[in-house]
Each structure stands twice: as C-alpha cells, then as structure tokens.
Amino acid sequence: QVQLVESGGGLVQAGGSLRLSCAASGRTFSRYAWFRQAPGKEREFVLRITWGVGNTYYADSVKGRFTVSRDNAKNTVYLQMNSLKPEDTAVYYCAADPTNYGLGSVPDDYRYWGQGTQVTVSS
C-alpha cells in the first residue's frame, strides 16, 4: 500500500508561520509537489522538489515566503510557510510520482496524493 500523509495544518494569523509535513510509505518517488485548492478555485500548483537531486521550483505567488525541504531517511517532505496571507487559505495537498516526466506543475503529473490538510489564515 502506497500512502502520503500530510500533517501540520491549522489556523494562523496573517504574517504567521506554519510547517507542513508529507510522509510517504510503500515506495520511493522521483519528485514531490504541493498543490492547494481554495473554495470555488481550481487546484493550484505551489512547488515541487526532485528526490535524488533536490532541485526545487516555486510558484510566483509563494516565492520568498515558502521553503521546501526533505529528509531522505524518513521519506518526508516539509513545507515551511512564512509571512502567511489570507489568500494562502486553502486545502494543501501533497503529491508524488515515481517519474520526472512532464513539467511537474499540473495535477496530472502526479499519480499519488495525500488526503489534504486545511490551512486557514485570518486577517
């Protein structure tokens, strides 16, 4: 069984910080990504990270505020979210795929998904 489990979501005031985790089990992956989806909105790409090399790519909306890191031994990816804004409010989803095919910036590039964790930023 392959699982991705997110944790760390919650309620925070604007300007605050939050740290999300995504723990993988059942297999290894070539890349991970975070997406988010707000009510009435399409699922939006946030960032991706390759596993072996660790190169990263961030959406313009989160550059300079969000940072992704990894723990290879634990098969876990972390998302440090700083300077949070109300527009960051969404359900955040961890995604992973065993390949690096495609650009890795759309949901169809990822085969495995977590259940999502709610992040709410108050103003």
Side-chain angles (χ1 to χ4, degrees):
Q1 73 288 6
V2 177
Q3 283 190 312
L4 297 174
V5 180
E6 301 105 330
S7 62
L11 175 65
V12 64
Q13 288 186 316
S17 298
L18 213 56
R19 183 180 175 91
L20 307 183
S21 299
C22 174
S25 62
R27 68 170 300 161
T28 58
F29 300 96
S30 294
R31 66 185 175 193
Y32 291 77
W34 287 93
F35 290 79
R36 65 188 183 185
Q37 189 164 23
K41 302 290 186 179
E42 295 183 350
R43 192 162 296 189
E44 176 191 16
F45 170 78
V46 177
L47 61 87
R48 63 166 171 82
I49 180 171
T50 60
W51 193 249
V53 179
N55 58 327
T56 59
Y57 184 80
Y58 297 84
D60 288 342
S61 59
V62 304
K63 285 181 180 177
R65 300 188 298 119
F66 290 11
T67 304
V68 65
S69 61
R70 58 177 178 162
D71 185 331
N72 289 0
K74 296 182 178 180
N75 288 324
T76 300
V77 173
Y78 303 96
L79 175 58
Q80 180 66 45
M81 310 164 69
N82 298 326
S83 301
L84 283 163
K85 306 174 181 179
E87 51 262 45
D88 295 319
T89 296
V91 177
Y92 282 71
Y93 295 93
C94 179
D97 200 88
T99 74
N100 279 315
Y101 302 149
L103 296 176
S105 60
V106 297
D108 284 349
D109 288 334
Y110 297 90
R111 190 179 305 274
Y112 300 97
W113 292 81
Q115 296 284 352
T117 185
Q118 177 70 47
V119 172
T120 302
V121 184
S122 62
S123 60

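FYI, side chains are in, hydrogens and waters are out, and symmetry mates aren't considered; it's all heavy atoms of this structure.
Clustering ILVMFWY residues whenever any of their side-chain heavy atoms sit less than 4.5 angstrom apart, transitively, puts L79 in the very cluster that holds F29. At a threshold of 4.5 Å between side-chain heavy atoms, the hydrophobic network of Ile, Leu, Val, Met, Phe, Trp and Tyr places V77 and F45 in two separate groups. When hydrophobic clusters are built by joining Ile, Leu, Val, Met, Phe, Trp and Tyr residues whose side-chain heavy atoms come closer than 4.5 Å, directly or via intermediates, W34 is grouped together with Y112. Transitive grouping of hydrophobic side chains (ILVMFWY, heavy atoms separated by less than 4.5 Å) brings V119 and Y32 into a common cluster. Criterion: ILVMFWY side-chain heavy atoms under 4.5 Å apart, direct or through other members. Under it, L47 and L20 are part of a common hydrophobic cluster.
Listed by first and then second residue, the salt bridge (charged side-chain N to carboxylate O under 4.0 Å, His left out) pairs involving residues 91-104 amount to none (not counting sequence neighbours).
Within the model, atoms OG1 of T89 and CD of Q118 stand 7.5 Å from one another, a figure rounded to the nearest 0.5 Å. Atoms OG1 and CE, from T67 and M81 in turn, are 11.0 Å apart once rounded to the nearest 0.5 Å. One distance of note links CD of Q13 with OG1 of T120; it measures 13.0 Å at 0.5 Å rounding. Distance check, rounded to the nearest 0.5 Å: OG of S7 to CZ of R19 gives 10.0 Å. Atom CZ in R65 sits 12.5 Å away from atom OH in Y58 (nearest 0.5 Å). Note that OG1 of T117 is 8.0 Å distant from CG of L18, once rounded to the nearest 0.5 Å.
Electrostatic pairing of D60 and K63 counts as a salt bridge here, judged by a charged N lying under 4.0 Å from a carboxylate O.
Summarising the geometry of A90 relative to A38, their closest heavy-atom pair is CB-N, 3.8 Å, with the distance given to 0.1 Å. T76 and S21 make their closest contact through CG2-CB, 4.4 Å (heavy atoms, listed as atom of the first residue, atom of the second, distance). Annotation for D109 and G102: closest pair OD1-CA, 4.3 Å, computed over non-hydrogen atoms. The heavy-atom pair separating W113 from P107 by the smallest distance is CZ2-O, 3.5 Å. Shown here for R48 and G104, the closest heavy-atom pair between the two residues is CD-O, 3.7 Å. Of all the heavy atoms in S17 and S83, the pair that sits closest is OG-N, 4.4 Å.
Within a 6.0 Å radius of CD in Q80, more than 12 heavy atoms belonging to other residues, nucleotides or ligands are found. R111 CZ: 12 or fewer foreign heavy atoms inside a 6.0 Å radius.
The backbone N or O of L103 sits nowhere less than 3.5 Å from a side-chain atom of S105 that would complete a donor-acceptor pair. Judged by distance alone, the side chain of T56 and the main-chain N or O of I49 form no donor-acceptor pair under 3.5 Å. The closest donor-acceptor contact from the side chain of T50 to the backbone of N55 lies under 3.5 Å. At least one donor-acceptor pair closer than 3.5 Å links the side chain of E6 to the backbone N or O of G116.
By the 6.0 Å and 45° rule, R31 stacks over the aromatic ring of Y110.
Using a 4.5 Å heavy-atom threshold, the side chains of S61 and E87 count as separate. Residues V62 and R36 form a side-chain contact, since some pair of their non-hydrogen atoms from C-beta on lies under 4.5 Å apart.
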